[in-house]
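Numbered from 1 within each chain, the chains take letters A, B, ... in sequence-line order.
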Amino acid sequence: MNDLLPDASPRWQFLEARVRDLMARYGFAEIRTPIVEQTALFARSIGEVTDIVEKEMYTFDDRNGDSLTLRPEGTASCVRAAMQHGLLHNQTQRLWYQGPMFRHERPQKGRYRQFHQVGVETYGLDGPDIDAEVILLSARLWQELGLAEHVTLELNSLGSAEARAAYRDTLTAYFEQHGEVLDDDSRRRLTTNPLRILDSKNPEMAEVIAGAPQLIDHLDEASREHFERLKALLEAAGIGYVVNPRLVRGLDYYSRTVFEWTTDALGSQGTICAGGRYDGLVEQLGGKPTPAVGFAMGIERLVLLLETLDLVPAEALGGCDAYLVPMDDASTPEALALAESLRTALPGLNLTLHCGGGSFKSRMKKADKSGAPLAILLGEDERADQAVTLKFLRDDREQQRVAQSGLADTLASLTEHPRHNT
RNA sequence: GUGGGUGUAGCUCAGUGGUAGAGCCCCGGAUUGUGGCUCCGGUGGUCGUGGGUUCGAUCCCCAUCAUCCACCCCA
């Protein structure tokens with residue numbers, strides 16, 4: 001588990017603000033679900049034999065003896081909540097969520113045991129238009145963050161659940177015929193997820209993999225058409241993509257469209273966003289058959305990417321506009337009152353009041369450290385005149401004495417914050 | 001779950017089987033009410049944790065935890 005320290009939070013807030021704005025612009029509504037759910041929910045949705053369910057969940061018994069689990073992903077909870085509250089009853093939904101997820105894996109760069117995802121979920125829409133819509137939403141986010149040239153869209157179709165199951169059997173049979181060439185990992189995958197064998201980087205298996213039957217040739221007709229229409233929609237929208245026939249998602253519930261946005265700027269954790277269609281999931285969890293498509297993106301990876309590429313704009317890093325310094329302890333009460341009146345008059349002003357005493361020299365050092373361009377000094381002389389001294393910390397400019405009554409107007413013009421008219 | 005690297009001051013890191021170091025940061029002073037540059041002084045460490053070897057361990061050994069990197073897998 002890792003802490004998010006003050007230096008990092010402006011980057012997170014920047015990303016989160018962009019995401020929130022984008023979701024609203026695409027007509028998605030936020031849903032917030034608990035971070036704990038009944039363990040069975042995840043086992044039934046993600047798949048019993050996946051790594052997540054087999055060995056990565058934080059599971060515990062509560063005081064009633066129920067088995068609960070810290071959510072390892074967001075889709076299962078959304079489906080559960082939507083079903084439970086009737087959101088899927090004869091209607092469609094476009095939802096998004098954001099929050100912490102938990103997986104007990106070995107941490108490394110871009111991977112943490114508590115990590116954060118933003119996800120979108122749509123229900124009740126079965127055409128490729130909504131597939132394209134969620135992909136375009138993600139593409140716009142990269143565009144607006146300045147990441148567009150650094151990410152690649154990979155696309156594939158897994159076909160219907162039936163077609164996928166049939167293909168899986170075909171593939172298993174093929175690899176079993178070449179069992180002598182398979183490495184240990186791949187032999188294990190024969191029973192867990194044979195599609196993953198196609199992903200192996202082992203050069204000794206390259207030939208066998210190249211000769212394996214292709215998923216794309218085993219799609220059912222409806223899925224093939226869906227996929228073709230999606231590709232046409234993306235092309236019409238000017239979104240570049242690469243069809244990756246080896247792209248399979250790790251969670252069992254996916255069918256038809258799957259996609260991943262990847263980058264090569266983050267080392268081995270290159271996937272920043274992944275998703276697809278899971279038309280069978282609602283029914284699998286006890287609801288009526290409901291088409292669904294969505295994705296999740298990893299916030300830590302995105303923040304890391306923005307940081308690596310230096311794409312967080314300076315203004316997003318916030319900071320202090322002015323630092324108010326009572327020059328001695330006797331000036332503190334008046335400084336406190338002055339700070340409050342400025343905050344009332346200028347709601348957009350970021351004003352830090354010096355607290356904690358110290359020598360005047362140390363107070364000025366704190367003013368400097370605050371990053372503020374302006375120090376407001378209030379001492380005995382100023383109090384006698386009902387004034388303050390404005391000192392410019394970043395410009396080569398004479399300090400000036402300003403009456404307290406006119407200070408808000410002066411600050412408004414200096415910092416370009418509109419005055420609050422009351 | 002597998003393999004490897006690293007854990008010493010708030011941070012970045014030196015270091016030695018015999019009472020623990022630097023730079024930066026922080027505090028004070030040079031400068032009675034003016035930050036940044038300079039100089040002087042100072043605070044701050046059960047050397048990740050628990051065992052073991054030893055007269056003596058921060059150093060050697062074992063375990064454990066954390067962290068980083070890679071694998072697996074995933075966002």
Side-chain angles (χ1 to χ4, degrees), chain A residues 1-3 5 7 46-47 49-56 71-75 98-119 138 151 183-186 188-189 192-193 196-197 199-202 247-251 259-263 266-276 294-305 323 325-328 330-331 354 356-384 388-396 398-399 401:
Chain A
M1 307 294 178
N2 61 318
D3 296 307
L5 298 175
D7 280 352
I46 296 168
V49 298
T50 57
D51 277 8
I52 291 176
V53 171
E54 280 184 334
K55 53 193 185 194
E56 295 177 1
R71 62 183 183 192
E73 55 100 49
T75 294
Q98 164 269 94
M101 308 293 164
F102 304 84
R103 293 182 199 170
H104 189 101
E105 301 175 275
R106 288 282 279 265
Q108 59 182 294
K109 182 175 184 175
R111 170 195 287 175
Y112 309 95
R113 287 180 171 178
Q114 173 177 332
F115 62 105
H116 296 76
Q117 288 185 330
V118 165
S138 58
V151 296
D183 56 25
D184 290 347
D185 268 344
S186 298
R188 179 174 53 77
R189 288 168 177 151
T192 57
N193 193 346
R196 275 277 168 208
I197 299 175
D199 241 351
S200 173
K201 292 149 194 145
N202 187 341
L247 179 63
V248 291
R249 314 267 45 262
L251 284 55
F259 66 91
E260 239 176 59
W261 287 96
T262 60
T263 175
L266 288 183
S268 62
Q269 258 62 49
T271 302
I272 56 168
C273 175
F295 65 74
M297 53 185 131
I299 303 301
E300 279 82 356
R301 290 181 187 179
L302 281 170
V303 169
L304 198 56
L305 192 55
Y323 192 92
V325 180
M327 296 171 77
D328 48 48
S331 301
H354 176 84
S359 66
F360 181 57
K361 180 191 178 77
S362 75
R363 296 178 196 216
M364 287 306 296
K365 282 194 166 194
K366 296 263 170 62
D368 186 42
K369 283 262 172 194
S370 75
L374 204 58
I376 305 169
L377 310 183
L378 180 66
E380 195 178 344
D381 295 351
E382 286 81 0
R383 279 187 287 135
V388 295
T389 297
L390 288 185
K391 182 177 172 73
F392 300 91
L393 298 172
R394 315 290 159 207
D395 304 319
D396 187 16
E398 279 290 295
Q399 65 183 34
R401 186 70 75 96

Do [X] and [Y] come close enough that some side-chain heavy atom pair is under 4.5 Å?
| X | Y | result |
| --- | --- | --- |
| A:P100 | A:R71 | yes |
| A:Q98 | A:V118 | yes |
| A:I52 | A:E73 | no |
| A:H104 | A:K55 | no |

For [X], which contact category applies under a 4.0 Å heavy-atom criterion: base, sugar-phosphate, or nothing?
| X | result |
| --- | --- |
| A:L377 | base |
| A:E73 | nothing |
| A:A367 | nothing |
| A:D328 | nothing |
| A:E300 | nothing |
| A:R363 | nothing |
| A:I272 | sugar-phosphate |

Under 3.5 Å, is there a donor-acceptor pair between the side chain of [X] and the main chain of [Y]?
| X | Y | answer |
| --- | --- | --- |
| A:R106 | A:R111 | no |
| A:E300 | A:H116 | yes |
| A:D3 | A:L5 | no |
| A:R113 | A:E105 | yes |
| A:R301 | A:I272 | no |

Could you tell me how far [M] sits from [N] if I compare only their [atom1] atoms? Round to whole Å.
| N | M | atom1 | result |
| --- | --- | --- | --- |
| B:G41 | B:A9 | P | 24 Å |
| B:G21 | B:G1 | P | 41 Å |
| B:A66 | B:G28 | C1' | 37 Å |
| B:C61 | B:C24 | C1' | 36 Å |
| B:U12 | B:G7 | P | 12 Å |
| B:G48 | B:A57 | P | 15 Å |
| B:C25 | B:U31 | P | 22 Å |
| B:U16 | B:G42 | C1' | 26 Å |

Round to the nearest Å and state the distance from [X] atom [atom1] to [N] atom [atom2].
| X | N | atom1 | atom2 | result |
| --- | --- | --- | --- | --- |
| A:M364 | B:U34 | CE | C1' | 5 Å |
| A:W261 | B:A75 | CH2 | C1' | 15 Å |
| A:K391 | B:G35 | NZ | P | 7 Å |
| A:E382 | B:G33 | CD | P | 13 Å |
| A:H354 | B:G35 | NE2 | C1' | 13 Å |
| A:I299 | B:A75 | CD1 | P | 13 Å |
| A:D7 | B:C11 | CG | C1' | 11 Å |
| A:I52 | B:A75 | CD1 | P | 6 Å |

G-U wobble or Watson-Crick pairing nucleotide for [N] (cut-off 3.5 Å, both distances):
| N | answer |
| --- | --- |
| B:U16 | none |
| B:U58 | none |
| B:G35 | none |
| B:C27 | B:G41 |
| B:G3 | B:C69 |

A:F360 ring over B:G33 six-membered base ring, under 5.5 Å and 30°: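 Answer is no, no stack.
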Short N-O contact, A:R394 and A:D368, less than 4.0 angstrom: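 Salt bridge between A:R394 and A:D368, a charged N being under 4.0 Å from a carboxylate O: yes.
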A:L393 side chain, from C-beta outward: closest of B:G35, B:A75, B:C26: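 Looking only at side-chain atoms, A:L393 lies closest to B:G35.
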Nucleotide of B:U34, B:G35, B:A75 approaching A:R394 most closely (side-chain heavy atoms):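 Of the candidates, B:G35 comes closest.
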Letter per nucleotide, 5' to 3', of nucleotides 63-72 of chain B [B base touched, S only sugar-phosphate touched, - untouched; heavy atoms, 4.0 Å]: ----SSSBBB
Of A:D368 and A:H104, the one whose closest RNA chain B nucleotide lies more 5':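 The 5'-side residue here is A:H104.
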Which donor-acceptor pairs under 3.5 Å do the side chains of residues 374-383 of chain A make with protein atoms, sequence neighbours left out?
| residue | atom | partner | partner atom | Å |
| --- | --- | --- | --- | --- |
| A:E382 | OE1 | A:G379 | N | 3.0 |
| A:E382 | OE2 | A:T389 | OG1 | 2.6 |
| A:R383 | NE | A:S331 | OG | 2.9 |
| A:R383 | NH2 | A:S331 | OG | 3.3 |

Might you list the N or O atoms of the protein lying below 3.5 Å from N or O atoms in nucleotides 27-30 of chain B, with each pair's distance?
| residue | atom | partner | partner atom | Å |
| --- | --- | --- | --- | --- |
| B:C27 | OP1 | A:K366 | NZ | 3.2 |

Minimum heavy-atom distance between A:A367 and A:V325, given as atom pair plus value: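 For A:A367 and A:V325, the tightest heavy-atom pair comes out as CB-CG2, 4.3 Å.
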